[in-house]
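One structure is given below, encoded as structure tokens.
Chain naming here is simple, since letters A, B, ... match the order of the sequence lines and numbering starts at 1 in each. Keep in mind that this is a model prediction, so the values were computed, not measured.
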Amino acid sequence: MRQRVYSILQKHIEHPVVLEKPKERSFGHYATPIAFSLAKVLRRNPMQIAEEIAQKLREEEMFEKADALKGYVNIKLSRNFLNDYAVWALKNEDEFAKGDFSESILLEFVSANPTGPLHIGHARGAVWGDVLARIGRRLGYRIEREYYVNDAGNQIYLLGLSVYLAARESVLNLEAEWPEEYYRGEYIADLAEKAVDALGAEKFMDEAFIPEISEWAKDRMLELINDNLHEVGIYFDHYVSEKALYEKWDEVFTRLADTGAVYEKEGKWWLRSTEHGDEKDRVVVREDGRPTYLAGDIVYHYLKFERGYDRYINIWGADHHGYIARVKAAIAFFGHDPQKLEIILSQMVSLLKGGEPYKMSKRAGNFILMHDIVGEIGADALRFIFLTKKSDTHLEFDVEDLKREDNSNPIYYINYAHARVFSLFEKAGKSQESVFDASMDALGEEAYDMLFTALLLPEVLEDAFESRQLQKVTEYLKHLAGMYHKFYYDNRVIGTPDEEALLKLSAMVALSLRVGLKMLGIEAAKRM
RNA sequence: GACCCCGUAGCUCAGCCGGAUAGAGCGUCGGAUUCCUAAUCCGAAGGCCGCGCGUUCGAAUCGCGCCGGGGUCACCA
């Protein structure tokens, strides 16, 4: 809708137009302050300019009204237009809110180390990435989801060591000398038990077997992580192993050396990342010849760009923000455009339970497990809460609030509105299809206002995706559900002369709620 | 010290590519049910938009400087 209004305005005004929401809906559906900026250029009174523009717009069929008010031009869409659009949407649910974007995007998210189950912080990035992908795909973007598996390095060894020691101590009753750093938590004990069964007790007699145990444990952890993700409906298209990337390291390193991107100092190899805006150069190869973690990321991003996507999006924990500059620097050294890589940061999550800080269980290794929270509030509520705020701001929420069954729980509130529509159709004994062509001419302003709001979904999704502000979708759904609840309270539907028209309107609202929720990975309730 | 995020109603937060009277939910107080789900709705109270300066017709929004809170500053991943 917005697009069409925009192009009509553009036709009449040879100037970039800003299109916005009017302060009050009674003013119209769209508004533009264009007269103010034109006034400057033309050195004329904005009120007059606004009036002239409004006059031209009045001739457009798509508009019912175009008024100049205090310099603003307010536009109201015609009922015919709204009705036609709604009928089309109702008959083409799968097409509604689709876009014609076609950029290919590689979206990397979660990428948690396979050394333990996912915790609540991971969950935020996971949900965020998943929903970004869902919306993007609806809009036409070709998005693939990728998980970068950090299966190399010290933390994997530590995982194996932890399992090795736990097995010795608790399963085999042998002595175990615990180092300062190791993984703890119930899952390690579980792993230890299973490891003895799977690998045989003899593997726990000699530290030389730890790498083998590590490898085995890492695979189990990846399974566990995937179970955690599947529980909330998140699936990946690709998994990329860090370990496998190091096979390409020599080749990539040679390339870097050839372009002068790295230099040797103090026996180590450094990336000249300061040349591309980093605050200092970074070590990529240690004195003993082992590449650093950054080396893996360099290879990874080198290969990513070789794969030829139009855009790359990474969702990282906010604690990685210092990492952005060096990775982008590496990309620049390969002659690629670092702008094609976009990093979305996912900030910390704090949990409350009944107003008190959520107790971290020792059992879980002093983390709040995603699995536990899903068990407590369900996948839908978990998804929803993460989507009510920008990803790069701290989020605090109380799990008790999300367990309540009233309007303090937004997911409940929205589902209830959706279910009410289905209940109406059931009570009326009619199918939704049977009212699609009913006339809505007799309906009043409020009804058309709600119809318009329901039809905003496509532009809400587009705006949310483009600005990477997914909370716009949850805000919208809450708003639309609220409108419907009020409408439902104010209007008797069944048995009135306008029954079919009101049912049709309800069906349209339900459609937007349903498609909107679907974009969030939530299935709308038809009955409650 | 540097960098990132945040500071808006008692609480949790929207609004922030400058625009019309600053919003929502919770909480508090008051009200609505002979009728399709009261799992809902309506109303009230509650605001130096952290502070200051600047930019301009216009600043919660942009810039600079403070103050306060959180995070990060690895040759760990």
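For A:Y488, the side-chain atoms get nearest to B:A38 when compared with the rest of B:C4, B:A77, B:A38. Out of B:C4, B:U40, B:G15, the shortest distance to the side chain of A:R420 is found at B:U40. Listed candidates were B:A77, B:C5, B:A38. Nearest to the side chain of A:N150 is B:A77. Side-chain proximity of A:K389 to the nucleotides B:C5, B:C73, B:C13 is greatest for B:C13. Checked against B:C5, B:C36, B:C13, the side chain of A:E396 finds its nearest nucleotide in B:C13. Nearest nucleotide to the side chain of A:Q471, out of B:A14, B:U37, B:G70: B:A14.
Taking the six-membered ring for Trp and the full ring otherwise, A:Y484 and A:H418 have centroids separated by 6.0 Å or more. Taking the ring centroids of A:H238 and A:Y147, they lie at or beyond the 6.0 Å cut-off. For A:F109 and A:Y148, the gap between ring centers reaches or exceeds 6.0 Å.
Between B:G46 and B:A9, the two C1' atoms lie 6 Å apart (nearest whole Å). Remark: the separation of the C1' atoms in B:C64 and B:G47 is 26 Å, to the nearest Å. To the nearest whole angstrom, the two P atoms, one in B:G58 and one in B:A74, are 47 Å apart.
Shown here is A:K472, whose NZ atom has more than 12 heavy atoms of other residues, nucleotides or ligands within 6.0 Å.
Residue A:K478 is out of contact with every strand shown, counting any heavy-atom pair closer than 4.0 Å. Residue A:A325 is classed as having no contact, given no heavy-atom separation below 4.0 Å to the nucleic acid. If you check every strand for non-hydrogen atoms under 4.0 Å, A:G153 touches sugar and phosphate atoms only. Residue-level contact check: A:E426 touches neither bases nor backbone, having no heavy atom under 4.0 Å from any strand. A:E287 comes within 4.0 angstrom of no nucleic acid atom, judged by non-hydrogen atoms across all strands. If you check every strand for non-hydrogen atoms under 4.0 Å, A:H479 touches nothing.
When only modelled atom types and interatomic distance are considered, A:Y293 and A:Q155 share no side-chain donor-acceptor pair under 3.5 Å.
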